[in-house]
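This report concerns only the one structure given below.
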Amino acid sequence: MDYQLLAELLFPQITDTPADVEARYPARQLPEGAKVTRFAPSPTGFVHFGGLFPSTVGERLAHQSSGVFYLRIEDTDAKREVEGAAEGLIKTLAKYGISFDEGAVLDAEGNIADRGDYGPYKQSKRGPIYRTYAKKLVAEGKAYPCFTTEEELDELQAVNKKEEIKNTDWQAQAESRRAEMLERRNFTLEEVKDHLAKGHPFVVRLLANGDPDKKVRITDLVKGNLEIPENDEDFVLLKSDGIPTYHFAHAVDDHLMGTTHVIRGEEWLPSLPKHIQLFGYLGFKLPKYMHIAQIMKLDEDGNKKKLSKRDMGANMDDYTSMGYCPEAVCEYIMTLLNSNYEEWHAQNPDKPYTDFPFSIKKMSVSGCLFDFGKLNDVSKNVISRMSASEVTQKVTDWALEFDPEFGKLLASDAAYAESIFAIGRGGKKPRKDLATWADAKPYMGFFYDGLFAPEYCYPENVSDVEAILDGFAKVYSADDDSTAWFEKVKELGLSLGYCADMKAYKNDPSAWKGSVADVSMVLRVAVTGKQNAPDLCEVMKILGTERVLERLEKGKVRK
RNA sequence: GGCCUGUUGGUCAAGCGGCUAAGACACCGCCCUUUCACGGCGGUAACAGGGGUUCGAUUCCCCUACAGGUCACCA
């Protein structure tokens, strides 16, 4: 067979040689040890937690080593592509601090544009490049055209791959398909010419030369040393529409774009033999691989399952609507990525997570369960470190979008809102009331008359609510500091028979009607409408005398 | 079913031949305390099972079990 002729027959329009292409993609000039990584999503939907996870790894590795992190859009499957998804991905990623040095970016009009010298960064725009390499492989007898249509292939398989195949049928199925596929290797130039003349579409398949009984040794930076069988499958390189499959695009692009570290989910591990063979055929240097474990969730049966699109916590845009701040999510991801992150952070409380020396070695080999409890804890800490004005700004921005009524209330008087968020903030032991921005409303809604919905649950043992409320209304002064304020509460209680000293009260509760705690609780319930609230003295100061007195009066409804 | 990967408390995890098997989250208790939120102290709880190798295995090897992934002209 004259492979050179075959290649010309198949790709008459390709005149470039691989050398021509290589010339346009010179090796990157980077410092020693610099890593070039990429995030290569297919634009089929929103950013998934399982996508942010590896992209964080890529971003850290590149930027920690003065390398390059780029975005490549893998839009090789027109059928699954979702309109606007790529734009959405870029925006969402940016929100989570994933910044790209080059690749697909959004221009001023919000359209996808290229930045950098190794583009195009959309695979759909790289057709001729892939075909150049495909032509080369065909010319070398390492790939061949296959005119069998998808439909014929499906029939041949009898059972569609997505459907259940009985266990016993698997082997027979695979063997018969394999035998059939081997048949496709046998063809003559005349047959090809004939097909081409009739305009039949074809795919280009790799001519596999691997022996599955032989193992290839390869070191994965996360998984360690692996022994995997050689590839013996004539997988598709170029689809009938001339667009490459993931496998082929991966080899060509990561080579040309100078990727040093390929970071991807471990679901790619089984196709690694294909990639190894392809890189070998193409004469490309194999990049370093990092197959990272999937994020899991617990299904109804208590089994771990891959966190999938529909799951709570999958869509990154959901975190936004739930009110999680990106910093918290990023820190949570860091704790999952490197378990010593929290320790480091405790020692470096003021440094951003980007200062953390991220280590590949410390990455977990197995998949972890997504844990909202942990996220909330991280988030509370993150928020507790923010200034009152920062919190005010962020809660307001969030509410304006997801709870406009509340948002308008906050925005109408930012200084007031800020004074509320300032309660117990700063210092060594800041309050940690908020895990999400959505927690703000139930926490401090009572500061707004429109949201003040008191449930007057006074302590059971207190029978003189009115006397307490009246008594306090008479002595309250907004000028009192917290000590003076509390003294007044104690005096009032004492005059009504409530012990002012908690220790004394606990020693002999029967000697009193109750304690100063009960008195405080009555005031708290009347003023905040709840049994739990931040420091009452400060709350009253923020509310102002007028509204305090008003609420004390209103609280006399009795239980 | 073949192939690949994994398995330390409820969760995330240190460990890398000899430890009373860290720590964090969650949970429980106590303390602090006018409530809550913090903070402090303490507690319950783990090496999947079976064989080896070894003076000694959570650590190394094998088998089993279980779990996950994958077997497309999808990525």
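Just so it is clear, the model here is predicted, and its values are computed rather than measured. Residue numbers start from 1 in every chain, and the chains themselves are labelled A, B, ... in the order their sequence lines are given, proteins ahead of strands.
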Handout entry: Under-4.0 Å salt bridge between A/Glu230 and A/Lys214
Key = no
Problem - N-O pairing of A/Asp77 and A/Arg80 below 4.0 Å - result: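 Here A/Asp77 pairs with A/Arg80 in a salt bridge, since their nearest N and O are under 4.0 Å apart.
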Could you check whether [X] gets within reach of a base, just the sugar-phosphate, or nothing at all, counting any heavy atom under 4.0 Å?
X	value
A/Lys428	nothing
A/Ile243	nothing
A/Val203	base
A/Phe486	base
A/Lys380	sugar-phosphate
A/Lys215	sugar-phosphate

Practice task
Using only heavy-atom distances, decide whether a donor-acceptor pair under 3.5 angstrom links the side-chain of A/Arg205 to the base of B/C73.
Solution key: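 When only heavy-atom distances are counted, A/Arg205 does not reach the base of B/C73 through any donor-acceptor pair under 3.5 Å.
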Practice task
Determine whether any donor atom in the side chain of A/Ser240 lies under 3.5 Å from an acceptor atom in the base of B/C73, or the reverse, and answer yes or no.
Solution key: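 Such a pair exists between side chain and base.
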Whether [X] contacts [N] is assessed here as follows: a side-chain N or O lying under 4.0 Å from the phosphate OP1 or OP2. Is that the case?
X	N	answer
A/Lys305	B/G68	yes
A/Thr76	B/A75	yes
A/Lys239	B/A75	yes

Exercise for the section: Side-chain contact test, heavy atoms from C-beta onward, threshold under 4.5 Å: evaluate it for A/Ile276 versus A/Asn231 and give yes or no. Expected result: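 No, their side chains stay 4.5 Å or more apart.
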Nearest to the side chain of [X], heavy atoms from C-beta on, is which of [options]?
X	options	value
A/Lys306	B/U35, B/A24, B/U70	B/U70
A/Lys429	B/A24, B/U11, B/C38	B/C38
A/Arg177	B/A75, B/C73, B/U33	B/C73
A/Leu269	B/C4, B/G6, B/A75	B/C4
A/Lys432	B/G69, B/A37, B/G6	B/A37
A/Asp433	B/U70, B/A37, B/G6	B/A37
A/Asn532	B/U35, B/C74, B/U34	B/U35

Practice task
Taking atom types as modelled, find out whether A/Asp253 and A/Tyr130 have a side-chain donor-acceptor pair closer than 3.5 angstrom.
Solution key: yes
Exercise for the section: Check whether the ring centres of A/Phe452 and A/Phe446 lie less than 6.0 Å apart, and answer yes or no. Expected result: no
Practice task
Write down the distance between CG (A/Asp234) and C1' (B/C73), rounded to a whole number of angstrom.
Solution key: 14 Å
Handout entry: Parallel, tilted or perpendicular: rings of A/Tyr121 and A/Tyr70 (30°, 60°)
Key =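 A/Tyr70 vs A/Tyr121 ring planes: tilted.
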Handout entry: A/Ser364 vs A/Ser482, nearer the 5' end of RNA chain B by closest nucleotide
Key = A/Ser364
Practice task
Could you check A/Gln531 against A/Pro430 and say which one's nearest nucleotide on RNA chain B is further toward the 5' end?
Solution key: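 That would be A/Gln531.
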